[in-house]
Amino acid sequence: MSDCLNVEIRELLPEYLSGTLSARRRQEVRDHVTACDDCARELALLQLVREAYAEATPAVNVGAIVAALPRRASRPATRSWRHSHAFQIAAAVSFIALGGMSLAVARSFFNGNPVSAPIDTVIAANTTAVSGDMPAISFAGGVSDLGDEDLEALLSALESIEALPVTEPAEVPLSGTGRQGS
Amino acid sequence: MVEDLTGRDDSLDSTLIQRWKEGDERAATALVERHASALARYIGSLGERDSAEEVVQDTFVRAFSSLETFRGDSSLRTWLFTIARRLVVDRRRALRRRRDVGSLEDVDAATEYTALDGLIASEAKRKVWGAVGKLSPTQREVFLLRVNDGLSYKEIAEVAGTTEGAARVHYHNALRTVKENLNE
(Lines give C-alpha, C1' and ligand atoms only; values in the text may rest on other atoms or scores of the structure.)
Protein backbone atom coordinates (compact mmCIF):
# COMPACT_ATOMS: atom_id res chain seq x y z
CA MET A 1 0.00 0.00 0.00
CA SER A 2 1.68 3.23 -1.13
CA ASP A 3 1.08 6.66 0.31
CA CYS A 4 -0.49 9.56 -1.53
CA LEU A 5 1.73 12.63 -1.74
CA ASN A 6 -1.17 14.94 -0.81
CA VAL A 7 -0.26 15.13 2.87
CA GLU A 8 -2.88 17.76 3.60
CA ILE A 9 -5.74 15.50 2.55
CA ARG A 10 -4.21 12.44 4.26
CA GLU A 11 -4.05 14.42 7.51
CA LEU A 12 -7.78 15.05 7.27
CA LEU A 13 -8.84 11.43 6.87
CA PRO A 14 -9.32 10.69 10.61
CA GLU A 15 -11.37 13.88 11.04
CA TYR A 16 -13.36 12.96 7.93
CA LEU A 17 -14.33 9.66 9.56
CA SER A 18 -15.11 11.35 12.87
CA GLY A 19 -17.40 13.82 11.16
CA THR A 20 -15.63 16.84 12.62
CA LEU A 21 -14.76 18.56 9.32
CA SER A 22 -16.57 21.57 7.94
CA ALA A 23 -18.86 20.91 4.97
CA ARG A 24 -16.34 22.50 2.59
CA ARG A 25 -13.41 20.43 3.88
CA ARG A 26 -15.54 17.31 3.85
CA GLN A 27 -16.36 17.83 0.19
CA GLU A 28 -12.66 18.43 -0.61
CA VAL A 29 -11.70 15.11 1.00
CA ARG A 30 -14.55 13.27 -0.71
CA ASP A 31 -13.55 14.64 -4.14
CA HIS A 32 -9.92 13.67 -3.59
CA VAL A 33 -10.66 10.18 -2.28
CA THR A 34 -12.92 9.49 -5.25
CA ALA A 35 -9.98 10.11 -7.58
CA CYS A 36 -7.10 8.74 -5.46
CA ASP A 37 -6.75 4.98 -4.93
CA ASP A 38 -4.07 5.35 -2.25
CA CYS A 39 -6.25 7.63 -0.11
CA ALA A 40 -9.32 5.46 -0.76
CA ARG A 41 -7.41 2.42 0.56
CA GLU A 42 -6.08 4.37 3.55
CA LEU A 43 -9.56 5.62 4.36
CA ALA A 44 -10.93 2.05 4.13
CA LEU A 45 -8.16 0.86 6.48
CA LEU A 46 -8.93 3.57 9.06
CA GLN A 47 -12.62 2.76 8.81
CA LEU A 48 -11.86 -0.92 9.49
CA VAL A 49 -9.86 0.05 12.57
CA ARG A 50 -12.79 2.09 13.85
CA GLU A 51 -15.25 -0.73 13.24
CA ALA A 52 -12.99 -3.37 14.84
CA TYR A 53 -12.54 -1.28 17.98
CA ALA A 54 -16.22 -0.36 18.09
CA GLU A 55 -17.10 -4.08 18.13
CA ALA A 56 -14.59 -4.76 20.90
CA THR A 57 -15.56 -1.78 23.08
CA PRO A 58 -15.99 -2.92 26.69
CA ALA A 59 -19.61 -2.66 27.80
CA VAL A 60 -20.55 0.04 30.26
CA ASN A 61 -23.68 0.48 32.33
CA VAL A 62 -24.67 4.12 31.93
CA GLY A 63 -27.35 3.89 34.65
CA ALA A 64 -24.87 2.57 37.21
CA ILE A 65 -22.37 5.29 36.34
CA VAL A 66 -24.99 8.03 36.65
CA ALA A 67 -26.14 6.58 39.98
CA ALA A 68 -22.58 6.77 41.31
CA LEU A 69 -22.13 10.42 40.37
CA PRO A 70 -21.94 12.94 43.19
CA ARG A 71 -25.37 14.48 43.76
CA ARG A 72 -25.51 18.10 42.95
CA ALA A 73 -26.90 19.96 45.96
CA SER A 74 -30.15 21.55 44.82
CA ARG A 75 -29.64 25.01 46.02
CA PRO A 76 -31.07 28.26 44.73
CA ALA A 77 -28.78 30.05 42.41
CA THR A 78 -26.77 32.17 44.82
CA ARG A 79 -24.73 35.08 43.73
CA SER A 80 -21.34 35.69 45.19
CA TRP A 81 -20.96 38.73 47.44
CA ARG A 82 -19.01 40.44 44.68
CA HIS A 83 -22.12 40.33 42.50
CA SER A 84 -24.68 41.36 45.11
CA HIS A 85 -26.56 44.61 44.54
CA ALA A 86 -25.63 45.93 48.00
CA PHE A 87 -21.94 45.41 47.32
CA GLN A 88 -22.16 47.02 43.91
CA ILE A 89 -24.00 50.07 45.28
CA ALA A 90 -21.56 50.43 48.18
CA ALA A 91 -18.63 50.13 45.80
CA ALA A 92 -20.10 52.78 43.51
CA VAL A 93 -20.75 55.19 46.41
CA SER A 94 -17.24 54.65 47.79
CA PHE A 95 -15.76 55.22 44.37
CA ILE A 96 -17.64 58.49 43.89
CA ALA A 97 -16.78 59.69 47.41
CA LEU A 98 -13.11 58.90 46.99
CA GLY A 99 -13.07 60.58 43.62
CA GLY A 100 -14.67 63.71 45.08
CA MET A 101 -12.21 63.85 47.95
CA SER A 102 -9.27 63.38 45.61
CA LEU A 103 -10.54 66.17 43.41
CA ALA A 104 -10.97 68.49 46.40
CA VAL A 105 -7.46 67.76 47.67
CA ALA A 106 -5.95 68.24 44.24
CA ARG A 107 -7.83 71.50 43.72
CA SER A 108 -6.71 72.83 47.12
CA PHE A 109 -3.14 71.78 46.45
CA PHE A 110 -2.91 73.47 43.08
CA ASN A 111 -4.56 76.63 44.47
CA GLY A 112 -1.85 76.79 47.15
CA ASN A 113 -4.50 76.42 49.82
CA PRO A 114 -4.04 73.09 51.55
CA VAL A 115 -7.10 71.50 52.99
CA SER A 116 -7.45 72.58 56.56
CA ALA A 117 -11.02 71.99 57.47
CA PRO A 118 -10.83 68.22 57.81
CA ILE A 119 -7.68 68.38 59.95
CA ASP A 120 -9.25 71.04 62.16
CA THR A 121 -12.35 69.03 62.55
CA VAL A 122 -10.63 65.76 63.36
CA ILE A 123 -8.14 67.22 65.78
CA ALA A 124 -10.73 69.30 67.56
CA ALA A 125 -13.20 66.46 67.79
CA ASN A 126 -10.70 63.98 69.12
CA THR A 127 -9.05 66.24 71.63
CA THR A 128 -12.32 67.22 73.18
CA ALA A 129 -13.51 63.65 73.23
CA VAL A 130 -10.34 62.27 74.80
CA SER A 131 -9.69 64.81 77.55
CA GLY A 132 -11.69 67.79 78.44
CA ASP A 133 -8.81 69.67 80.12
CA MET A 134 -6.50 69.50 77.11
CA PRO A 135 -6.56 72.63 74.96
CA ALA A 136 -8.09 72.14 71.57
CA ILE A 137 -5.73 72.63 68.68
CA SER A 138 -6.78 74.46 65.63
CA PHE A 139 -4.82 75.69 62.67
CA ALA A 140 -5.80 77.06 59.37
CA GLY A 141 -2.62 76.70 57.33
CA GLY A 142 -0.44 73.70 56.56
CA VAL A 143 1.61 71.77 59.10
CA SER A 144 4.69 73.67 57.95
CA ASP A 145 3.09 76.84 59.28
CA LEU A 146 3.09 75.53 62.84
CA GLY A 147 5.70 76.56 65.37
CA ASP A 148 7.64 74.08 67.52
CA GLU A 149 5.25 74.41 70.45
CA ASP A 150 2.22 73.94 68.30
CA LEU A 151 3.76 70.89 66.68
CA GLU A 152 4.57 69.33 70.06
CA ALA A 153 1.03 70.01 71.20
CA LEU A 154 -0.30 68.45 68.03
CA LEU A 155 1.84 65.32 68.42
CA SER A 156 0.91 64.87 72.07
CA ALA A 157 -2.74 65.31 71.15
CA LEU A 158 -2.43 62.69 68.45
CA GLU A 159 -0.76 60.27 70.87
CA SER A 160 -3.55 60.70 73.35
CA ILE A 161 -6.26 59.69 70.86
CA GLU A 162 -7.38 56.25 71.98
CA ALA A 163 -9.07 55.51 68.71
CA LEU A 164 -5.68 55.05 67.06
CA PRO A 165 -4.80 51.39 66.65
CA VAL A 166 -2.34 49.95 69.10
CA THR A 167 0.78 48.85 67.34
CA GLU A 168 1.44 45.88 69.60
CA PRO A 169 -0.97 43.45 71.19
CA ALA A 170 -1.49 43.71 74.91
CA GLU A 171 0.70 41.37 76.89
CA VAL A 172 -1.09 38.15 77.79
CA PRO A 173 -0.75 37.30 81.49
CA LEU A 174 1.03 33.98 81.84
CA SER A 175 -0.13 33.14 85.35
CA GLY A 176 -3.02 30.68 85.51
CA THR A 177 -2.65 29.62 81.89
CA GLY A 178 -0.72 26.45 82.59
CA ARG A 179 -2.33 23.06 82.11
CA GLN A 180 -4.52 22.08 84.95
CA GLY A 181 -4.24 18.68 86.51
CA SER A 182 -1.16 17.64 84.57
CA MET B 1 -35.35 16.57 22.36
CA VAL B 2 -33.49 15.12 19.37
CA GLU B 3 -29.75 15.17 19.89
CA ASP B 4 -26.79 13.22 18.61
CA LEU B 5 -25.68 11.85 21.95
CA THR B 6 -22.39 10.33 20.91
CA GLY B 7 -20.88 12.85 18.48
CA ARG B 8 -18.08 15.26 19.22
CA ASP B 9 -20.10 18.43 19.49
CA ASP B 10 -18.28 20.58 22.03
CA SER B 11 -21.02 23.21 22.10
CA LEU B 12 -23.56 20.53 23.05
CA ASP B 13 -21.27 19.50 25.91
CA SER B 14 -21.11 23.10 27.10
CA THR B 15 -24.91 23.34 26.98
CA LEU B 16 -25.32 20.11 28.95
CA ILE B 17 -22.74 21.19 31.55
CA GLN B 18 -24.58 24.49 31.98
CA ARG B 19 -27.89 22.65 32.36
CA TRP B 20 -26.36 20.34 34.95
CA LYS B 21 -25.00 23.34 36.87
CA GLU B 22 -28.50 24.76 36.90
CA GLY B 23 -29.78 21.60 38.54
CA ASP B 24 -30.91 19.47 35.58
CA GLU B 25 -29.83 15.95 36.55
CA ARG B 26 -30.87 14.58 33.14
CA ALA B 27 -28.00 16.55 31.65
CA ALA B 28 -25.61 14.32 33.63
CA THR B 29 -27.14 11.23 32.03
CA ALA B 30 -26.80 12.79 28.59
CA LEU B 31 -23.14 13.63 29.23
CA VAL B 32 -22.38 10.07 30.39
CA GLU B 33 -24.20 8.62 27.36
CA ARG B 34 -22.20 10.85 25.04
CA HIS B 35 -18.77 9.88 26.32
CA ALA B 36 -18.90 6.57 28.21
CA SER B 37 -18.32 4.28 25.22
CA ALA B 38 -15.44 6.34 23.85
CA LEU B 39 -13.85 6.31 27.31
CA ALA B 40 -14.31 2.55 27.67
CA ARG B 41 -12.77 1.98 24.23
CA TYR B 42 -9.81 4.20 25.11
CA ILE B 43 -9.27 2.54 28.49
CA GLY B 44 -9.51 -0.87 26.80
CA SER B 45 -6.86 0.19 24.30
CA LEU B 46 -4.57 1.02 27.21
CA GLY B 47 -4.79 -2.63 28.25
CA GLU B 48 -7.41 -2.19 31.00
CA ARG B 49 -10.34 -4.00 29.37
CA ASP B 50 -11.27 -5.93 32.50
CA SER B 51 -11.47 -2.83 34.66
CA ALA B 52 -12.73 -0.50 31.92
CA GLU B 53 -16.20 -0.01 33.38
CA GLU B 54 -14.81 0.72 36.84
CA VAL B 55 -12.32 3.22 35.44
CA VAL B 56 -15.03 4.87 33.33
CA GLN B 57 -17.15 5.27 36.45
CA ASP B 58 -14.25 6.67 38.47
CA THR B 59 -13.48 9.06 35.63
CA PHE B 60 -17.00 10.45 35.63
CA VAL B 61 -17.11 10.68 39.42
CA ARG B 62 -13.85 12.65 39.40
CA ALA B 63 -15.02 14.83 36.53
CA PHE B 64 -18.40 15.66 38.03
CA SER B 65 -16.78 16.43 41.38
CA SER B 66 -14.90 19.27 39.73
CA LEU B 67 -17.23 20.11 36.85
CA GLU B 68 -18.09 23.40 38.58
CA THR B 69 -14.54 24.54 37.95
CA PHE B 70 -14.21 23.12 34.42
CA ARG B 71 -13.21 26.16 32.36
CA GLY B 72 -13.56 24.55 28.94
CA ASP B 73 -10.01 25.37 27.86
CA SER B 74 -9.96 21.93 26.31
CA SER B 75 -12.92 19.88 25.08
CA LEU B 76 -14.81 17.83 27.66
CA ARG B 77 -13.82 14.59 25.91
CA THR B 78 -10.12 15.50 26.00
CA TRP B 79 -10.45 16.35 29.68
CA LEU B 80 -12.21 13.04 30.41
CA PHE B 81 -9.53 11.09 28.53
CA THR B 82 -6.84 12.87 30.52
CA ILE B 83 -8.53 11.92 33.81
CA ALA B 84 -9.02 8.31 32.64
CA ARG B 85 -5.39 7.97 31.62
CA ARG B 86 -4.23 9.31 34.99
CA LEU B 87 -6.49 6.81 36.76
CA VAL B 88 -5.08 3.95 34.70
CA VAL B 89 -1.52 5.05 35.48
CA ASP B 90 -2.39 5.29 39.20
CA ARG B 91 -3.95 1.82 39.18
CA ARG B 92 -0.91 0.35 37.48
CA ARG B 93 1.37 2.04 39.97
CA ALA B 94 -0.67 0.78 42.94
CA LEU B 95 -0.76 -2.76 41.51
CA ARG B 96 2.94 -2.64 40.75
CA ARG B 97 3.64 -1.89 44.40
CA ARG B 98 1.72 -5.01 45.39
CA ARG B 99 2.89 -7.30 42.61
CA ASP B 100 4.78 -7.17 39.37
CA VAL B 101 2.55 -5.26 36.94
CA GLY B 102 3.96 -3.21 34.10
CA SER B 103 3.50 0.46 33.39
CA LEU B 104 1.57 1.78 30.39
CA GLU B 105 4.71 1.28 28.33
CA ASP B 106 5.08 -2.38 29.27
CA VAL B 107 1.68 -3.79 28.30
CA ASP B 108 2.09 -7.06 26.46
CA ALA B 109 -0.05 -6.01 23.55
CA ALA B 110 0.54 -9.10 21.42
CA THR B 111 -0.81 -11.47 24.09
CA GLU B 112 -3.78 -9.28 24.88
CA TYR B 113 -4.72 -8.70 21.27
CA THR B 114 -4.43 -12.37 20.37
CA ALA B 115 -6.76 -13.25 23.23
CA LEU B 116 -9.33 -10.66 22.19
CA ASP B 117 -9.47 -10.97 18.46
CA GLY B 118 -12.27 -13.55 18.84
CA LEU B 119 -14.52 -10.58 19.61
CA ILE B 120 -14.16 -9.34 16.07
CA ALA B 121 -16.55 -10.94 13.65
CA SER B 122 -14.95 -10.39 10.26
CA GLU B 123 -11.57 -11.72 9.13
CA ALA B 124 -10.53 -8.32 7.75
CA LYS B 125 -11.23 -6.59 11.05
CA ARG B 126 -9.40 -9.30 12.97
CA LYS B 127 -6.33 -8.75 10.79
CA VAL B 128 -6.48 -5.01 11.36
CA TRP B 129 -6.95 -5.59 15.08
CA GLY B 130 -3.87 -7.81 15.14
CA ALA B 131 -1.81 -5.32 13.12
CA VAL B 132 -2.68 -2.50 15.54
CA GLY B 133 -1.91 -4.83 18.45
CA LYS B 134 1.69 -5.13 17.30
CA LEU B 135 2.30 -1.40 17.68
CA SER B 136 4.23 -0.08 20.66
CA PRO B 137 1.91 1.10 23.46
CA THR B 138 2.64 4.77 22.75
CA GLN B 139 2.14 4.41 19.00
CA ARG B 140 -1.09 2.47 19.58
CA GLU B 141 -2.46 5.03 22.01
CA VAL B 142 -1.76 7.97 19.69
CA PHE B 143 -2.99 6.11 16.59
CA LEU B 144 -6.28 5.07 18.20
CA LEU B 145 -6.97 8.48 19.74
CA ARG B 146 -6.63 9.91 16.27
CA VAL B 147 -8.51 7.25 14.32
CA ASN B 148 -11.24 6.26 16.77
CA ASP B 149 -11.91 9.63 18.32
CA GLY B 150 -10.68 12.12 15.73
CA LEU B 151 -8.58 13.97 18.30
CA SER B 152 -6.21 16.58 16.91
CA TYR B 153 -2.47 16.24 17.53
CA LYS B 154 -2.76 19.05 20.07
CA GLU B 155 -5.49 17.19 21.98
CA ILE B 156 -3.55 13.91 21.79
CA ALA B 157 -0.47 15.66 23.18
CA GLU B 158 -2.59 16.95 26.06
CA VAL B 159 -4.06 13.53 26.86
CA ALA B 160 -0.91 11.45 26.42
CA GLY B 161 1.44 13.98 27.99
CA THR B 162 3.58 14.46 24.91
CA THR B 163 4.16 17.18 22.33
CA GLU B 164 2.10 17.94 19.24
CA GLY B 165 5.08 17.15 16.98
CA ALA B 166 5.78 13.86 18.74
CA ALA B 167 2.10 12.88 18.42
CA ARG B 168 2.22 13.55 14.68
CA VAL B 169 5.36 11.42 14.27
CA HIS B 170 3.87 8.59 16.37
CA TYR B 171 0.70 8.62 14.28
CA HIS B 172 2.47 8.40 10.93
CA ASN B 173 4.92 5.76 12.16
CA ALA B 174 1.99 3.77 13.52
CA LEU B 175 0.05 4.03 10.26
CA ARG B 176 3.08 2.90 8.26
CA THR B 177 3.67 -0.04 10.66
CA VAL B 178 0.02 -1.13 10.49
CA LYS B 179 0.19 -1.13 6.67
CA GLU B 180 3.43 -3.14 6.79
CA ASN B 181 1.95 -5.60 9.29
CA LEU B 182 -1.05 -6.12 7.02
CA ASN B 183 1.18 -6.78 4.01
CA GLU B 184 3.28 -9.44 5.81
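These numbers come from the heavy atoms of this one structure, side chains and all, not from hydrogens, waters or symmetry mates. Here is how names work: the chains are called A, B, and so on, in the same order as the sequence lines, proteins then strands, and each is numbered from 1.
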Could you tell me which portion of [X] (side chain, backbone, both or neither) has an atom closer than 4.5 angstrom to a non-hydrogen atom of chain A?
X: B/Leu175; answer: side chain
X: B/Ala52; answer: side chain
X: B/Lys127; answer: neither
X: B/Arg62; answer: neither
X: B/Tyr153; answer: side chain

Taking every non-hydrogen atom, the tightest pair across [X] and [Y]:
X: A/Pro58; Y: B/Gly44; answer: CG-CA, 4.4 Å
X: A/Pro14; Y: B/Tyr171; answer: CG-OH, 3.5 Å
X: B/Glu33; Y: A/Val62; answer: CG-CG1, 3.7 Å
X: A/Ser18; Y: B/Val147; answer: OG-O, 4.3 Å

So does [X] have more than 12 non-hydrogen atoms from other groups sitting under 6.0 Å from [atom1]?
X: A/Leu98; atom1: CG; value: yes
X: B/Asp73; atom1: CG; value: yes
X: B/Lys21; atom1: NZ; value: yes
X: A/Arg30; atom1: CZ; value: yes

To the nearest 0.5 Å, tell me how far B/Leu31 CG sits from A/Ile65 CD1.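 B/Leu31 atom CG to A/Ile65 atom CD1 measures 12.5 Å (nearest 0.5 Å).
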If you measure from CG on A/Leu48 to OG on B/Ser122, what distance do you get to the nearest 0.5 Å?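 Answer rounded to 0.5 Å: 6.5 Å.
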Side-chain heavy-atom pair B/Phe143, A/Val49 within 4.5 angstrom cut-off: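 A side-chain contact exists here, since the closest heavy-atom pair is under 4.5 Å.
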Taking the side chain as C-beta and beyond, is there a heavy-atom pair between B/Asp149 and A/Tyr53 under 4.5 Å?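 B/Asp149 vs A/Tyr53: side chains apart.
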Find the one option among A/Leu17, A/Asn61, A/Leu13 whose heavy-atom pairs under 4.5 Å with chain B are most numerous.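 Option with the top pair count is A/Asn61.
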For A/Asp3 and B/Lys179: C-alpha separation, side-chain torsions, deciding distance, then whether salt bridge (charged side-chain N to carboxylate O under 4.0 Å, His left out) applies. CA-CA 10 Å; A/Asp3 293 338; B/Lys179 286 177 180 177; 2.5 Å; yes
Pairs of heavy atoms under 4.5 Å with chain A: top-ranked of B/Ala131, B/Gly23, B/Ala38, B/Ala40: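 Maximum pair count with chain A is reached by B/Ala40.
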Most heavy-atom pairs under 4.5 angstrom with chain A, which of B/Gln57, B/Arg146, B/Arg41?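 Highest number of heavy-atom pairs under 4.5 Å: B/Arg146.
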Would B/His172 and A/Glu11 satisfy side chain to side chain contact (heavy atoms under 4.5 Å, CB included), going step by step from the backbone distance to the final call? CA-CA 10 Å; B/His172 285 287; A/Glu11 284 286 1; 2.7 Å; yes
Chi angles and distances behind the side chain to side chain contact (heavy atoms under 4.5 Å, CB included) call for A/Val60, B/Phe60: CA-CA 12 Å; A/Val60 286; B/Phe60 278 111; over 6 Å; no
CA sep, side-chain torsions, deciding dist, call: B/Leu182, A/Leu45, side chain to side chain contact (heavy atoms under 4.5 Å, CB included): CA-CA 10 Å; B/Leu182 286 172; A/Leu45 168 63; 3.4 Å; yes
